[in-house]
Q: 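Below is the structure I would like to discuss, written out as structure tokens.
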Amino acid sequence: MVVDLGERRAVDRLFHALSDGTRRDIVVRTLQGEHSVSALARLYPMSFAAVQKHVAVLHEAGLVAKRRQGREQLVSGDVEALRRAGAVLDALEDVWRARVERMGALLEEDS
């Protein structure tokens, strides 16, 4: 699995964003429907600014889209970004399974 540097950085941002429980929860909520950042902030025991930073990390990773409606910033989840994460994990699993199969073949040869 050869990946160029730009693609690796994008994957790193994606998994970094998903590494935090609050951000994963925000993704789930925004996949279910569009939410304003202020509405999201009321759901968590942290400051508005902290939630805003979580949303910024998710946006940078491509996991959510943001749009302005008047004074509100609305956030919606991007299912395609999750599919990209799944594809990366599937590719890693394929590498792992091939390695296990090779080890099994070597063990059978030694028997």
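Side chains included, hydrogens not; waters and symmetry mates left out as well; all remaining heavy atoms used. Just so we're clear, the structure is a prediction, and the values are computed from it rather than from any experiment.
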Q: Check the pair Arg99, Arg97 against side chain to side chain contact (heavy atoms under 4.5 Å, CB included), reporting the backbone distance first and the verdict last.
A: CA-CA 5 Å; Arg99 186 173 182 184; Arg97 287 187 183 279; over 6 Å; no
Q: Find out if a path of hydrophobic residues (ILVMFWY) with successive side-chain heavy-atom gaps under 4.5 Å connects Leu43 to Val57.
A: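 Different clusters.
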Q: Tell me whether Arg24 at atom CZ has more than 12 heavy atoms from other residues, nucleotides or ligands lying less than 6.0 Å away.
A: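 Count over threshold, so yes.
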Q: Inspect the surroundings of CZ in Arg71 and state if more than 12 heavy atoms from other residues, nucleotides or ligands are less than 6.0 Å away.
A: no
Q: For Arg29, is there any backbone N or O sitting under 3.5 Å from a side-chain donor or acceptor partner on His35?
A: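 Pair found, side chain donor or acceptor close to backbone of Arg29.
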Q: Tell me whether Lys53 at atom NZ has more than 12 heavy atoms from other residues, nucleotides or ligands lying less than 6.0 Å away.
A: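 Result for NZ/Lys53: open.
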Q: Are Tyr44 and Leu74 linked, directly or through intermediate hydrophobic residues, by side-chain heavy-atom contacts shorter than 4.5 Å (ILVMFWY only)?
A: no
Q: With rounding to the nearest 0.5 angstrom, report the CG to CG distance, Leu63 to Leu18.
A: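 Between Leu63 CG and Leu18 CG, I get 5.0 Å after rounding to 0.5 Å.
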Q: Is it the case that Gln73 and Ser36 place a side-chain donor and acceptor less than 3.5 Å from each other?
A: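 No, because no side-chain N or O of Gln73 sits under 3.5 Å from a partner of the opposite role on Ser36.
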Q: Quick check against the 3.5 Å criterion: does Arg23 have a side-chain atom that pairs as donor or acceptor with the backbone of His16?
A: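 Indeed, once roles are kept as given, a pair shorter than 3.5 Å links the two residues.
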Q: In the single-linkage hydrophobic clustering (I, L, V, M, F, W, Y; side-chain heavy atoms under 4.5 Å), do Val37 and Leu58 co-cluster?
A: yes
Q: Using side-chain heavy atoms (C-beta onward) and a distance below 4.5 Å, is Thr22 in contact with Val51?
A: no
Q: Nearest 0.5 angstrom please: Ser19 OG to Asp12 CG, how far?
A: 11.0 Å
Q: Give the intermediate values and the outcome of side chain to side chain contact (heavy atoms under 4.5 Å, CB included) for residues Phe15 and Val11.
A: CA-CA 6 Å; Phe15 283 103; Val11 169; 3.6 Å; yes
Q: Salt-bridge test for Arg68 and Glu72: reply yes if a basic N is under 4.0 Å from a carboxylate O, no otherwise.
A: no
Q: With rounding to the nearest 0.5 angstrom, report the CG to NE2 distance, Asp25 to His54.
A: 10.5 Å
Q: Scan the side chains in residues 77-89 for donor-acceptor partners under 3.5 Å anywhere in the protein, sequence neighbours excluded, and list what turns up.
A:
{"unit_1": "Asp78", "atom_1": "OD1", "unit_2": "Glu80", "atom_2": "N", "d": "2.9"}
{"unit_1": "Glu80", "atom_1": "OE2", "unit_2": "Arg83", "atom_2": "NH1", "d": "2.4"}

